[in-house]
Structures are given as structure tokens and as C-alpha cells.
Amino acid sequence: MRIRKAVITAAGWGTRFLPVTKSQPKEMLPLVNKPLIQYSVEEAIACGVELIVIVTSLGKRAIEDYFDRSFELEQVLMQKGETELAEKIRRLSNMVDITYVRQKEQLGLGHAVLSTRKIIGDEPFILLLPDDLFEQGEMVLKNMVNICEQYEGSVIAVKQVTEREISRYGIVDPRKKADRVYQVLDMVEKPRPEDAPSDLAVMGRYVLMPDIFQILTETLPGRGGEIQLTDGLKQLARKNAVYAYEFEGERYDAGTPFGWLQTTMALALRDPCLGPELRRYLDKLLPTTTYQ
Ligand code: UTP
């Protein structure tokens, strides 16, 4: 099965990053050497999608400008002899076709996905939540596409979490189908550990069949008054089969200040240019730092 389109949702308020996100999209926060959203864009491209649909909202224009062409900047860089940098900047606008859908009211992730219906049409698509970064992102998505093809159903990425973390995630009720593949019998949003059907938590990568759209039109606002994707997926799991893929490798949540810091550190420490120097810096810093 060829998946041609991917959706990246970037319309949320980013309240956990306020006040920074008052005037700057969370998705444009730098993670080492590029903005958060670029990781998702590159991951989708690596999976061979032809079109990326980014759902934005008021105040997110910086995302559009970032992936747009800036002749003026390129020219200035060329005049300064910065040919390589100019080329790097130009490449950003040529990576893939990107189209933008404006979510006029932030009515929830399910609503954001639904707003892409006319562009996606009647075909399966990839959904990426840019806050979530996967160590083996390309591999995870490719495996999910294969599972979608083999089982002819939507696929969600899941990861085992600790008991303490359970109440922060959507948790699936799984029935094992194959190594790392489960059928989803039900889903519970942010349950107490004693009520959770398993310890497999939903993470921000999905391969969705287009029938999710009709279900989302019928999904009523749930937790927080928002139209929740999880509620839609629960319905989908009852009608058609939904599968979960327990991916391998680390996943980082850059959607909170501490998570963003952890992700930045993890990525920078793994970077061959920055890593060794950062490690030396931390070795020097740690023994001498006290709380203020
Ligand atoms: P979050 O729950 O992380 O919300 O959304 P948020 O607004 O990004 O951040 P906080 O919680 O206020 O700090 C999960 C994903 O759903 C998108 C977000 O952009 C993010 O990718 N989303 C959420 C929308 O696109 N629209 C919405 O109405 C809500």
C-alpha cells in the first residue's frame, strides 16, 4: 500500500510553554539545530509521502515562513559568500509539498485531524504529533505502514510505560496478534493505574484509515471539552480493527519544558560534533552547580 499523505497537527495552544508560546509556535522551538516540527517533516518524507498537511492556527505563521522560500535571505547569504548556508536555506523550501489547514478554533486533536478531511480524501494517511520524537522514527513509521497493509486496519504506536506514567497517556486494551503487534480492543484516556487495561501507552504516530473522518464527525467533545482523537479511535476499534505496534527504541516528549530539555540533551549528546564537548561541559558543570 502506498501512503501518499501525512498530517502534522500543530494548532494547539502550547500552554505548557507559556509565556514563550504567547508569540511563538511551540513547534518552532529549536531542538539542537532545527525546529521541533522539522523532525516530523523529515520523518514523513523518509516514508515516501508526497504531501504533508500541517494543521495550524492563529499565531503559527512562523511555521509557514520557515518552509517557504526566502529569495532575499538566499541572496544576502550568496553575496556574503555563504554559498553552503544559502543552499541549506533553499533546500528547506524544496523538501516536499506542504499545504496548510487552519483550525479556526482549537477544539481538540480529533477536530484538528478532521479539518484535513477534504485534503486527505478517501485514502489512508500518516499522522504525526510533532511533540513526540522517536529515536528510530523512520523505521517505526515504515513498520506501521506494513502492519496497516498486512492487517488492513489503522495502526497506532504504543510503548510500555511505568505505573507512575500510566495516568498521563491513552492506554490500550491489547490482544496479541504477532511479535509487537496487538489488536486494540479498547482504549482508555489517562486512566488511574488500577483501572488501566495494560501498560501500553499511545504515542504520537498513527497510520489511519480514512473511515476515522466519519467517526470524528460524530464524536462528541470529551475530556476538557475537546474532540478527542482517542474517543474516535475507540469507536473505530469497535467498528473495524485497529492495531497497535509496540515500537523499539526511545521516544522523547518535547512538549513540556522539562521534556524539551531532556530531548535537547539526549539529541545533543548523540551528535558527533556537539556530543563530546557537551559531555566535557557537563562533567565540569555538575560538581560545582548548586540550586539557587
Ligand atoms: P497537546 O495536548 O499537546 O496540546 O496537543 P498543545 O496545545 O500542543 O500543548 P499544551 O497541552 O497546551 O501545552 C497534542 C497535539 O494536538 C495538536 C497539538 O498541536 C499537538 O500536536 N492540537 C491540539 C491541535 O492541532 N488542535 C487542537 O485543538 C488541540
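Whatever order the structure lists them in is the order used to number ligands and atoms, beginning at 1. Being a predicted model, the structure only gives us computed values, none of them experimental.
- Summary of contacts: the protein heavy atom closest to atom 18 (C) of ligand 1 is G12 N, 3.7 Å.
- Residue contacts with ligand 1: G14 is placed with a nitrogen or oxygen under 3.5 Å of a nitrogen or oxygen of the ligand (distance criterion only).
- Residue-ligand proximity, P130 to ligand 1, at heavy-atom distances under 4.0 Å covers atoms 21 (O).
- Of all the atoms in ligand 1, the ones that sit under 4.0 Å from a non-hydrogen atom of L107 are 28 (O).
- Taking distance alone, with nitrogen or oxygen atoms compared against 3.5 Å, G108 approaches ligand 1 more closely than that limit.
- Of all protein heavy atoms, the one closest to atom 14 (C) of ligand 1 is L129 CD1, 4.5 Å.
- Closer than 4.0 Å to atom 5 (O) of ligand 1 lies none of the heavy atoms of the protein.
- Using cut-offs of 30° and 60° for the angle between ring planes, the F125 and F213 rings count as parallel.
- In this structure, R69 pairs ionically with E74, as a charged nitrogen and a carboxylate oxygen lie closer than 4.0 Å.
- Neither the backbone nor the side chain of T256 has a heavy atom within less than 4.0 Å of ligand 1.
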* Hey, mind stepping through E218 and Q214 against side-chain hydrogen bond (donor to acceptor under 3.5 Å, both in side chains) and telling me if it holds? -> CA-CA 7 Å; E218 293 155 12; Q214 186 53 38; 2.8 Å; yes
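- A salt bridge links R2 and E50; the closest N-O separation between the charged side-chain nitrogens and carboxylate oxygens is under 4.0 Å.
- Between Y245 and V207 the shortest side-chain heavy-atom distance does not fall below 4.5 Å.
- Using a 4.5 Å cut-off between side-chain heavy atoms of Ile, Leu, Val, Met, Phe, Trp and Tyr, with links allowed through other members, V140 and Y169 fall into the same hydrophobic cluster.
- At a 4.0 Å cut-off, not a single heavy atom of V55 sits close enough to ligand 1 to count as contact.
- Contact record, P197 with P174: O-CD, 4.3 Å, taken as the closest heavy-atom pair.
- Counting protein heavy atoms only, atom 1 (P) of ligand 1 is closest to R16 NH2, 3.9 Å.
- Ligand-side atoms of ligand 1 in range of D131: 3 (O), range being under 4.0 angstrom from any heavy atom.
- Heavy-atom proximity to Q106, at under 4.0 Å, picks out these atoms of ligand 1: 28 (O).
- In terms of N/O distances under 3.5 Å, ligand 1 is not approached by E226.
- Of the protein's non-hydrogen atoms, T15 OG1, 2.5 Å is the one closest to atom 12 (O) of ligand 1.
- Numbered from 1 in the order shown, with element, the atoms of ligand 1 that lie under 4.0 Å from a heavy atom of W13 read 7 (O).
- A salt bridge links E194 with R192; the closest basic N to acidic carboxylate O contact falls under 4.0 Å.
- Of the N or O atoms in L109, none lie within a sub-3.5 Å distance of an N or O in ligand 1.
- Those atoms of ligand 1 that come under 4.0 Å of a heavy atom in A112, given as number and element, are 24 (C), 25 (O), 26 (N).
- Ligand 1 has a nitrogen or oxygen under 3.5 angstrom from a nitrogen or oxygen of A11.
- Close to ligand 1: A10, with a non-hydrogen atom less than 4.0 angstrom away.
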* Asked: Do L109 and L129 pass the side chain to side chain contact (heavy atoms under 4.5 Å, CB included) test, and can you show the C-alpha distance, the side-chain angles, and the key distance before you say yes or no?
  -> CA-CA 9 Å; L109 175 60; L129 308 196; 3.8 Å; yes
* **Verdict with reasoning, E87 to R90, per salt bridge (charged side-chain N to carboxylate O under 4.0 Å, His left out)** => CA-CA 5 Å; E87 177 55 28; R90 200 185 57 77; 3.1 Å; yes
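- Between F247 and A157, the shortest heavy-atom distance links the atoms CD2-CB, 3.9 Å.
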* Assess whether side-chain hydrogen bond (donor to acceptor under 3.5 Å, both in side chains) is satisfied between Q262 and Y252, documenting all intermediate values. => CA-CA 8 Å; Q262 281 178 310; Y252 304 104; over 6 Å; no
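- Closest protein heavy atom to atom 20 (C) of ligand 1: T9 O, 3.9 Å.
- Only the side chain of Q103 comes within contact range of ligand 1, with a heavy atom under 4.0 Å; no backbone atom does.
- No salt bridge links D132 with R205; every basic N to acidic carboxylate O contact stays at or beyond 4.0 Å.
- Proximity of K26 to ligand 1, defined as any heavy-atom pair under 4.0 Å, is confined to the side chain (atoms from C-beta onward).
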